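All figures in this text were calculated on a predicted structure; none of them were measured in a lab. Counting begins at 1 with the first residue of the sequence.
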Amino acid sequence: MRQDETRVPMTGFALRGWCPDAWRPMMAGDGLIVRVKPRLARLTAAEIAVLADLARRFGSGAIDITNRANLQIRGVREQGWQDLLRALVDRGLVDADAGLEGRRNLLVAPGWDRGDDTARIAEELLGRLAELPELPGKMGIAVDAGPVATLLDSPADFRIERAEAGGLLLRLDGRESGVSIPLEEAADRLIALAHWFVETGGAAARRASRHTAALPQWARGDSRPAVGAAAPHGYGVPFGRIEGEALVRLMAATGAAALRVTPWRQLLAESDVREPVEGFILDPGDPLLRADACPGAPTCPQATVETRELARRLAPHVSGRLHVSGCAKGCARARPSDVVLTGRDGAFDLALRGRAGDPPTRGGLSPDHVLAHFGAS
């Protein structure tokens, strides 16, 4: 670990516009959040065992699965953070260079096979992180070059996807179409698009979907992503929160050599065995898999309402996607939901087919009022 780059964690603050990582943890109500970004969305059984052990030794034992297919060790004590960071670096789970780790915001479609287009492009980008410009903290890249695009609803700003015509396309998030690209130029083109974004003032917009500058001619096209079957179902994790030891039990029950981490708060075991494991959901129709909820109060200092118990009670009574957010940031889900509840000053605002913080149809609702509104009381 490069000790000269160790950063002191911030405490007692409300900061917007960035996501934590291992070198720059974020303080929450239950302690520091330390993020681990699995390379190619894959963790071996040995790496799972290490994470579970470190989560128990340095944190609360709880691990979050994020909508960027990252893992977050929860409840890390400030006095133990640097020891945890050192252990993660030593085991290859975190880059020894803080700058490269900060740039490694790469979301990979979890169904890749070794040597396929997704793996080849992702591996090249991982080897060329130093060529990327410094981007706003929440920005990321998606490599989704399987038979069909599966990450369309997952957060990313620069996208390499499978096109309807069968080739590859490069697309800036927020644009319906992109430009066709050859496989051997995919990484070059994406890096060039990231530099264009910065050079044209994109940092002020903070996200690609908000940047209104006209694309360069070479990045314009009418190629659209190939949309196909729904994402594969694995072991669902309600609200993305699981104990590290449960991950170890999952590996033992399935005999899997590795897990694929998805942005849908589900884990895919590299195994033909599909055994029920406590803490995980196997039924793809379970309403909790259609519900997103951030940690809420008191875990998050920016939230003024409890979120997950309400979401758990409400989910069976909502047809479609439910999002319960402790504040207007909407960290659990960036895309619109059929029903969204946003915490504000200790109560909830209700909006339909929108995002957290959107103008509500009803405001100032207590949890009991919300439940009664949906016939769940």
Side-chain angles (χ1 to χ4, degrees), residues 22 30 33-76 84 87-88 91-94 106-114 118-119 146 150-151 154 230-295 299 308 311-312 315 332:
D30 58 342
I33 299 170
V34 175
R35 182 172 291 195
V36 175
K37 306 170 184 177
R39 289 171 174 82
L40 272 70
R42 184 178 188 266
L43 288 167
T44 66
E47 289 170 334
I48 290 289
V50 166
L51 276 176
D53 176 63
L54 294 177
R56 177 184 55 80
R57 287 168 51 199
F58 295 102
S60 65
I63 294 176
D64 282 343
I65 302 170
T66 78
N67 59 8
R68 294 173 182 262
N70 295 156
L71 301 180
Q72 294 183 159
I73 299 175
R74 302 285 318 199
V76 175
L84 170 59
L88 291 168
R91 288 158 177 81
L93 293 168
V94 167
L106 185 63
L107 178 61
V108 178
W112 60 267
D113 289 318
R114 293 202 179 277
T118 295
T150 61
L151 300 178
S154 299
H233 180 72
Y235 285 84
V237 180
F239 312 124
R241 174 70 58 84
I242 196 72
E243 292 294 316
E245 291 305 317
L247 296 176
V248 176
R249 292 196 300 271
L250 175 60
M251 303 304 286
T254 61
L259 288 178
R260 302 287 179 95
V261 185
T262 81
W264 315 298
R265 298 188 176 94
Q266 297 188 38
L267 299 168
L268 306 178
E270 292 185 5
S271 169
D272 294 329
V273 177
R274 189 172 172 82
E275 291 287 334
V277 179
E278 183 181 357
F280 297 93
I281 297 173
L282 278 178
D283 177 9
D286 192 302
L288 286 182
L289 297 180
R290 293 184 279 103
D292 301 287
C294 65
T299 300
R308 288 182 172 170
R312 191 179 297 275

Which donor-acceptor pairs under 3.5 Å do side chains of residues 268-276 form with protein atoms, sequence neighbours excluded?
{"residue": "E270", "atom": "OE1", "partner": "R42", "partner atom": "NH2", "Å": "3.1"}
{"residue": "E270", "atom": "OE2", "partner": "R42", "partner atom": "NE", "Å": "2.8"}
{"residue": "E270", "atom": "OE2", "partner": "R260", "partner atom": "NE", "Å": "2.7"}
{"residue": "E270", "atom": "OE2", "partner": "R260", "partner atom": "NH2", "Å": "3.3"}
{"residue": "S271", "atom": "OG", "partner": "T254", "partner atom": "O", "Å": "2.6"}
{"residue": "S271", "atom": "OG", "partner": "V273", "partner atom": "N", "Å": "3.0"}
{"residue": "R274", "atom": "NH2", "partner": "L282", "partner atom": "O", "Å": "3.2"}

With side chains defined as the heavy atoms from C-beta onward, is the minimum distance between [X] and [Y] less than 4.5 Å?
| X | Y | value |
| --- | --- | --- |
| V261 | L267 | yes |
| P238 | R308 | no |
| F239 | D292 | no |
| I65 | W264 | no |

State, to 0.1 Å, how close [X] and [Y] come at their nearest heavy-atom pair, and which atoms those are.
| X | Y | result |
| --- | --- | --- |
| A109 | T118 | O-CG2, 4.2 Å |
| A315 | A291 | CB-CB, 4.1 Å |
| G244 | A52 | O-CB, 3.4 Å |

Look only at the side chain of [X] and the backbone of [Y], and say whether a donor-acceptor pair between them is shorter than 3.5 Å.
| X | Y | answer |
| --- | --- | --- |
| N67 | S154 | no |
| R39 | G92 | yes |
| Q266 | G234 | yes |

What distance separates [X] [atom1] from [Y] [atom2], expressed to the nearest 0.5 Å?
| X | Y | atom1 | atom2 | value |
| --- | --- | --- | --- | --- |
| L259 | L250 | CG | CG | 5.5 Å |
| E47 | L71 | CD | CG | 10.5 Å |
| I242 | Y235 | CD1 | OH | 12.0 Å |
| I48 | L43 | CD1 | CG | 4.5 Å |
| H233 | I281 | NE2 | CD1 | 7.5 Å |
| R265 | L288 | CZ | CG | 12.5 Å |

Legend entry - Those residues that, when tested against N70, pass side-chain contact (heavy atoms from CB on, under 4.5 Å) (two or more places apart):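 In terms of side-chain contact (heavy atoms from CB on, under 4.5 Å), with neighbours along the sequence ignored, N70 is linked to R35, K37, P38, T66, R68.
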Inset, instruction - Please test L247 against L51 for side-chain contact (heavy atoms from CB on, under 4.5 Å), starting from the C-alpha separation and ending with a verdict. - result: CA-CA 9 Å; L247 296 176; L51 276 176; 6.0 Å; no
Inset, instruction - Applying side-chain hydrogen bond (donor to acceptor under 3.5 Å, both in side chains), name anything that partners D30, two or more places apart in sequence or on another chain. - result: R74
